[in-house]
Engineer: 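Before anything else, here's the structure in question.
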Amino acid sequence: MNLQYIDIHSHLNLPPLSENQEVILAKMRELNIGTITVGTDMVTSKMAIEVAEENSDLCWATVGFHPADGYIPNHDTDWEDLEKLALHSKVVAIGETGLDYFRDQSDELKTQQSWIFKKHIELAVKVNKPLMMHVRASKGTDDAYYDALTILKGENYTGRANFHFFSGSKQCMLDIIKAGFTVSVDGPITFSHDYDDMIRACPIENLMIETDAPFAAPVPYRGKPCEPWMVMEVAKKVAELKELDIEIVRVQLIENTKTFFNLAV
């Protein structure tokens, strides 16, 4: 299948999408749009792999423990089981993992999330797959982004890492790019001007697109559950903001995704 777009971060493994998978996948196939289904714990990571196995022409998976889910994978078996999943041929990244300070900035939480994040980094290096990063700063700051960069540097991480649903400042984006990593954007760029300057300044070679479906549907689908095929609207907005032809943007975004995730498409 000649995919026109790839939504690099969605949750076909979460309701309501998990309850309507066949219809959504049929729409994606009709429009030649693929997606990476992202794991947030052991159950959803296994589900992500199942979706990818059953739809190998347009789906891939990631596996990991979401930093804001509340589960603390302390047992050795948690990490052993995650590593087994990570070795699956349809798994193209480790995560989502990272730091989330949006509701809680306690030292205890930061220490816990930092430790779990480092374990994901260790796994990514071991299986030679990139990191799918969930980083959410406390309101009005870039704190979690810079803490994540500090941890990556401290772990001497030289692999690929993508900061999904990036909502930091333009300067923060530039610092992420300078460190050798990438960012991805989704539905809110179609209805909020908060992202305009950042997207204009981001080198298109360092940018990818996503939906985070079923969350944050783009215009004109706001108020409805988001679906991976809606990533087209995100691409259109990127092209508009960067004043580039949509086909140029589409081809570059596909190339970025293939390179980052090592996809044979």
Side-chain angles (χ1 to χ4, degrees), residues 1 3-73 78 81-98 100 102 116 120 129 131-134 136 162 164-165 184-188 190 208-218 220-234 257 261 263 265:
M1 179 179 287
L3 295 175
Q4 296 296 295
Y5 294 99
I6 299 174
D7 169 12
I8 72 154
H9 190 117
S10 72
H11 297 283
L12 288 170
N13 48 358
L14 296 181
L17 304 192
S18 58
E19 298 152 1
N20 200 29
Q21 263 184 30
E22 277 191 34
V23 174
I24 296 167
L25 286 160
K27 176 87 170 180
M28 291 167 58
R29 206 164 261 116
E30 175 191 340
L31 296 170
N32 290 338
I33 294 176
T35 194
I36 298 172
T37 302
V38 174
T40 59
D41 55 27
M42 286 303 297
V43 172
T44 56
S45 292
K46 289 175 182 176
M47 290 172 68
I49 292 173
E50 288 171 9
V51 171
E53 285 179 330
E54 293 167 7
N55 302 276
S56 61
D57 55 333
L58 74 164
C59 292
W60 297 267
T62 80
V63 297
F65 297 107
H66 193 291
D69 266 9
Y71 178 68
I72 306 172
D78 287 328
D81 290 345
L82 191 67
E83 182 177 339
K84 289 174 186 174
L85 295 184
L87 290 167
H88 193 286
S89 61
K90 291 299 291 185
V91 171
V92 296
I94 305 305
E96 52 191 297
T97 182
D100 192 316
F102 191 70
I116 296 171
H120 281 84
K129 293 181 181 181
L131 288 162
M132 175 68 78
M133 305 271 292
H134 170 101
R136 198 175 186 192
N162 179 68
H164 119 89
F165 208 133
S184 54
V185 293
D186 37 20
T190 67
M208 290 185 283
I209 54 170
E210 57 164 289
T211 61
D212 203 19
F215 313 107
Y221 306 105
R222 287 192 75 188
K224 300 178 181 179
C226 188
E227 298 182 9
W229 57 268
M230 296 177 188
V231 79
M232 293 187 298
E233 302 302 329
V234 181
T257 302
F261 293 103
L263 304 184
V265 178

Engineer: Heavy atoms, side chains only, cut-off 4.5 Å: are I116 and P67 in contact?
Structural biologist: no
Engineer: So which heavy atom on S45 is nearest to which on G39, and how close?
Structural biologist: OG-CA, 3.6 Å
Engineer: Drop me the distance from Y71's OH to D69's CG, to the nearest 0.5 angstrom.
Structural biologist: 11.5 Å
Engineer: Let me confirm one number: the NE2-CD distance from H66 to E96, rounded to the nearest 0.5 Å.
Structural biologist: 4.0 Å
Engineer: If you take all heavy atoms of P214 and P16, which pair is closest and at what distance?
Structural biologist: CB-CD, 3.8 Å
Engineer: If you take all heavy atoms of D78 and I72, which pair is closest and at what distance?
Structural biologist: OD2-O, 4.4 Å
Engineer: Please round to the nearest 0.5 Å and tell me the distance separating atom CD1 of I33 and atom OG of S10.
Structural biologist: 11.5 Å
Engineer: Is there side-chain contact between L25 and L12, with heavy atoms separated by less than 4.5 Å?
Structural biologist: yes
Engineer: Side-chain contact, heavy-atom cut-off 4.5 Å: H120 with L82?
Structural biologist: yes
Engineer: For a quick test of reading the model, state the closest non-hydrogen atom pair linking D41 to V43 and the distance between them.
Structural biologist: OD1-N, 3.2 Å
Engineer: If we only count heavy atoms from C-beta on, is the N55 to M28 side-chain gap below 4.5 Å?
Structural biologist: no
Engineer: Using every non-hydrogen atom in the two residues, find where V234 and I209 come nearest and quote the distance to one decimal.
Structural biologist: CG1-CG2, 3.8 Å
Engineer: In Å, rounded to the nearest 0.5 Å, how long is the span from CD1 of I94 to CZ of F65?
Structural biologist: 11.0 Å
Engineer: Between the main-chain N or O of L17 and the side-chain N or O of E227, is there a donor-acceptor pair closer than 3.5 Å?
Structural biologist: no
Engineer: Side chains of C59 and T35: does their closest heavy-atom pair fall under 4.5 Å?
Structural biologist: yes
Engineer: Using only atom types and a distance under 3.5 Å, with no angle test, would you say the side chain of N13 pairs donor to acceptor with the backbone of S18?
Structural biologist: no
Engineer: Measure the CD1-NE2 distance between I36 and H9 for me, rounded to the nearest 0.5 Å.
Structural biologist: 9.5 Å
Engineer: Is there a side-chain contact between K84 and D81 in this structure, where contact means two heavy atoms from C-beta onward sitting under 4.5 Å apart?
Structural biologist: yes
Engineer: Go through it in stages, so that I can follow the logic: the residues are T190 and E233, the test is side-chain hydrogen bond (donor to acceptor under 3.5 Å, both in side chains), and I'd like the CA-CA distance, side-chain angles, deciding distance and then a yes or no.
Structural biologist: CA-CA 7 Å; T190 67; E233 302 302 329; over 6 Å; no
Engineer: Can you give me the closest heavy-atom contact between K90 and S56, atom names plus distance?
Structural biologist: NZ-O, 3.2 Å
Engineer: Tell me whether the rings of H134 and H164 are parallel (<30°), tilted (30 to 60°) or perpendicular (>60°).
Structural biologist: tilted
Engineer: Could you walk me through whether R136 and F165 satisfy the side-chain contact (heavy atoms from CB on, under 4.5 Å) test, starting with their C-alpha distance in whole Å, then the side-chain angles of each, then the deciding distance to 0.1 Å, before giving a yes or no?
Structural biologist: CA-CA 9 Å; R136 198 175 186 192; F165 208 133; over 6 Å; no
Engineer: To the nearest 0.5 Å, how far apart are CD1 in I8 and OG1 in T37?
Structural biologist: 12.5 Å
Engineer: A side-chain contact here means heavy atoms from C-beta on lying under 4.5 Å apart; do K129 and V92 qualify?
Structural biologist: no
Engineer: Would you find more than 12 non-hydrogen atoms of other residues, nucleotides or ligands less than 6.0 Å from E19 atom CD?
Structural biologist: yes
